[in-house]
Amino acid sequence: MEKEKVCITPNRVWILLVGLGLLLMTSMAYAQSDADLADAYFQKGECDKVVALYQKILRKDFNKIYLRRYVSCSIKLKDFEEAEKFFKRQQKSDARFGYLYTLYWGRMLEQTGQMPQAMQKYDESLAQVPSKDINAYKELSDEFREIDNTEAAIGALLKGRAAAGNETIFKMELASLYAQTGKTEQMIEELLSLGLAIQNKEVIQNYLQDFLKEEKDQAKFEKVLYEKIQRHPNETFYAEMLIWFFSQKKQFGKAFIQERALDRRLKYNGTKVFDLGNLALQNKDYNAAIQSFDYLIKEYPQGQLYPYARRMVILAREEQVKNTFPIEKPSVRKLIDDYRKLLSELGQNNRTLEAMRSMANLYAFYMDDKDSAIVVLQDAVKIGRAESDFIDKCKLDLGDIYLLKNEPWESTLLYSQVEKSQKETPLGYEAKLRNARQFYYTGDFELSKALLDILKMATSREIANDAGSLSLLIQDNTGLDTSEDAMKEYASIDLLLYQNQPELALGRLDEMLKKYKDHTLADEILWLKAKTYAKMGDNVKAVENLQVIVDKYAMDILGDDALYMMADLYQNRLKDKDKSMDLYQKLLEKYPASIYAADARKRFRQLRGDNL
């Protein structure tokens, strides 16, 4: 009998496809609903309803999050027998992830106080990883880390490294785990060997900044680097890391020793030593800066950096002299002689223009030889006439010198020229600030404040802060009486200090304090006296005046300034660590919102011996 043929029409095909689609969608929706339902129960803490759902989901598809939740709920319900049955079934039916089921079986045992059995499971989980599956070792390590078993996490990575026969893998992961467990030397070894392999210092330095926060760890790092340098003298990586480390700690003298050794061995022509010298100068380590530039002068007299090193070594000495109080005229005279020798050797040209400016300012502000200063600046202007920015800087210097000579109108003419030619530039803002200060000195407070209020919005924070401080001083001390005599007298004394006449200024400040002891300027007068005595090197008298501000005017605007300055004097000049710490602590307690608070806290911790 002939079989009947089945005719599949287009309509039947369409119906079949729709049916299959609906079946698939129903299956997906069902699976999705299991997961959603489990999540909802877990969020509510209804473990009795969720355990069976998690078993169902895990039997279909492995999921680490659900496995972790399953274990936590099994522990909460104390349903250990059922959980062990589930783990055994899953190890057989889902062998790919057997090691993770074993790990969380061990986790359950650990959480229930069965530590020996848990350790056995942890060992089993490590043994169950397929020997060539390097990613599985990494995953197992991550899970051990998830349950705070860092030792097992380290063991998993080391076994994975051995299985791969590759000592370069997992270095960053192991370094992090070693740091977490306090194994500093192992952490350092991993990071240094990684840096050497990839020849990338910056990546390693970023991690070290996070890991080396304790003083004892930093000491170990320094020790390891010295040992590496001795064992591998031709490998520059270790020496460069040590230079970076010393620079981070602002130990530029030690950094110079290492940089000099590298420069001699590798013939860097002094470029890195020059950069280090500039970094030391920026951080006010004048001795290290001078060492660096002196080395370049002696080692490379014919090198390209020689003229710059000659200029920079004098500049470093100049900054050292200017920041050592009281400033000694013989030291300034020696600096001027150094500049003369420099100009004699290298000539007056574009390479020595800044040296000429520096020499002129030493003449004007420290030797009271304003005429010589003007001559030097005029010569510099002739040589640098093609460089407009340099010309404007010289104009600002000349304006300052005319103010020293009590010729304010000459000053304001020069400042205004620079304002006009340097609109909306930092140099233009500086010119405006000097003009405002000149009007303040001469008693034209209204015009001065108008300029200062514009500058309070300047792009440079330093200029904006200076402008804001002077504007506030004028605002708080004008308009209180019709003549403004007190403020004009104060400003004229401030001009005397600018003109480097401290003895005369101090005498007039004493007279003014007697006359205006109840005026709002009283604390400002004491503040100006304190700063003047400090500049003259009389630290005891400086502290005496600051103490009066702290005792009588603590709630006024200079209260925190006075405390901070006192603390700094005790720390850096009077060398009284305990007193300095006490003052920093008082500042933090009394003025928690002070602009000095962050630095005061840092200094206090440094003095206490904390590692920052």
Side-chain angles (χ1 to χ4, degrees), residues 31 35 38-39 54-72 74 83-84 86-111 118-181 183 186-200 202-204 206-208 210-211:
D39 289 342
Y54 281 145
Q55 286 189 354
K56 185 177 179 182
I57 294 167
L58 287 166
R59 277 197 292 267
K60 290 180 179 178
D61 191 17
F62 179 78
N63 185 298
K64 282 186 287 188
I65 294 173
Y66 289 150
L67 179 56
R68 292 170 193 161
R69 291 180 178 181
Y70 173 75
V71 171
S72 68
S74 295
E84 288 190 8
F86 174 71
F87 285 132
K88 288 177 182 178
R89 285 197 302 268
Q90 288 302 106
Q91 283 179 339
K92 293 177 181 178
S93 62
D94 195 359
R96 289 176 307 160
F97 301 104
Y99 59 94
L100 290 176
Y101 283 110
T102 304
L103 182 152
Y104 276 95
W105 189 349
R107 176 64 170 170
M108 186 182 71
L109 293 168
E110 181 182 348
Q111 292 288 297
M119 294 299 294
Q120 184 180 345
K121 290 298 176 188
Y122 291 151
D123 290 340
E124 286 177 16
S125 70
L126 194 56
Q128 289 169 357
V129 177
S131 60
K132 298 299 181 183
D133 191 348
I134 306 305
N135 290 330
Y137 284 109
K138 171 70 167 57
E139 186 174 33
L140 187 63
S141 176
D142 291 342
E143 290 307 302
F144 274 126
R145 194 167 188 172
E146 182 72 28
I147 63 173
D148 296 322
N149 192 334
T150 48
E151 290 296 337
I154 291 169
L157 292 177
L158 291 174
K159 188 168 182 182
R161 179 184 281 180
N166 184 353
E167 288 296 313
T168 65
I169 63 172
F170 302 142
K171 286 191 172 297
M172 199 64 77
E173 294 88 346
L174 279 166
S176 178
L177 288 165
Y178 285 139
Q180 192 176 333
T181 51
K183 297 178 179 179
Q186 291 98 317
M187 177 268 291
I188 292 168
E189 286 288 346
E190 293 291 340
L191 286 176
L192 288 179
S193 61
L194 175 61
L196 187 62
I198 65 176
Q199 284 298 306
N200 190 323
E202 289 75 16
V203 170
I204 306 307
N206 288 336
Y207 277 95
L208 285 168
D210 291 333
F211 293 151

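Numbering of residues begins at 1 and proceeds along the displayed sequence.
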Exercise: identify the closest heavy-atom pair between Gly195 and Ile204: CA-CG1, 3.4 Å
In the structure I gave you, are the side-chain heavy atoms of Gln91 and Trp105 within less than 4.5 Å of one another anywhere? yes
For the residue pair Ala175 and Met187, what are the closest heavy atoms and their distance? O-CG, 3.2 Å
If we only count heavy atoms from C-beta on, is the Met119 to Glu110 side-chain gap below 4.5 Å? no
How about Glu143 and Tyr104: does a side-chain donor come under 3.5 Å of a side-chain acceptor? yes
Grab the two heavy atoms, one from Ala136 and one from Val129, that are nearest each other, plus how far apart they are. CB-CG1, 3.6 Å
Using every non-hydrogen atom in the two residues, find where Ala38 and Ile57 come nearest and quote the distance to one decimal. CB-CD1, 4.0 Å
Under 3.5 Å, which donor-acceptor pairs link side chains of residues 146-158 to any protein atom two or more places apart or in another chain?
{"from": "Asn149", "atom 1": "OD1", "to": "Ala152", "atom 2": "N", "distance (Å)": "3.1"}
{"from": "Glu151", "atom 1": "OE1", "to": "Lys183", "atom 2": "NZ", "distance (Å)": "3.1"}
{"from": "Glu151", "atom 1": "OE2", "to": "Lys183", "atom 2": "NZ", "distance (Å)": "3.2"}

Can you find a pair of side-chain heavy atoms, one from Ser125 and one from Leu140, that are under 4.5 Å apart? yes
Among residues at least two apart in sequence or on other chains, which ones pass salt bridge (charged side-chain N to carboxylate O under 4.0 Å, His left out) with Asp123? none
Just do the side-chain hydrogen bond (donor to acceptor under 3.5 Å, both in side chains) check on Glu189 and Tyr178 with the steps written out, would you? CA-CA 10 Å; Glu189 286 288 346; Tyr178 285 139; over 6 Å; no
Tell me whether the centres of the aromatic rings in Tyr101 and Phe62 are closer together than 6.0 Å. yes
So that I can tick it off, tell me whether Glu173 and Arg145 are bridged by a salt bridge, with the cut-off set at under 4.0 angstrom between side-chain N and carboxylate O. no
How long is the span from the OG atom in Ser74 to the CD atom in Gln111, to the nearest 0.5 Å? 12.0 Å
Contact check, side chains of Lys121 and Leu103, non-hydrogen atoms, under 4.5 Å: no
Thr102 side, atom OG1; Glu124 side, atom CD - distance, nearest 0.5 Å: 6.5 Å
4.5 Å side-chain heavy-atom contact, Tyr122 and Arg107: yes
Rounded to the nearest 0.5 Å, what separates atom OH in Tyr70 from atom CD in Gln55? 4.0 Å
Gap between atom CD1 of Ile134 and atom NZ of Lys159 - 0.5 Å precision: 11.0 Å
Residue that, paired with Tyr66, satisfies side chain to side chain contact (heavy atoms under 4.5 Å, CB included) out of Asp61, Val71, Leu58: Leu58
Going by an N to O cut-off under 4.0 Å, is there a salt bridge joining Arg69 and Asp39? yes
Is the closest side-chain heavy-atom distance between Ser193 and Thr168 below 4.5 Å? no
Can you tell which of Leu208, Val203, Leu196 makes a side chain to side chain contact (heavy atoms under 4.5 Å, CB included) with Leu191? Leu208
List the residues meeting ring pair (Phe, Tyr, Trp, His ring centres under 6.0 Å) with Tyr137, not counting sequence neighbours, and say none if there are none. none
Considering only heavy atoms from C-beta outward, does the side chain of Ser176 approach that of Phe211 to under 4.5 Å? yes
Mind checking whether Ser93 and Arg59 have side chains closer than 4.5 Å, heavy atoms only? no
Tell me, with the steps shown, if Met108 and Phe87 meet side-chain contact (heavy atoms from CB on, under 4.5 Å). CA-CA 11 Å; Met108 186 182 71; Phe87 285 132; 4.2 Å; yes
Should Arg161 and Glu190 count as an ion pair when the cut-off is N to O under 4.0 Å? yes
Identify the heavy atoms of Ser141 and Leu177 that sit nearest to each other, and give their distance. OG-CD1, 4.1 Å
Between CG of Leu192 and NZ of Lys171, what distance do you get to the nearest 0.5 Å? 10.0 Å
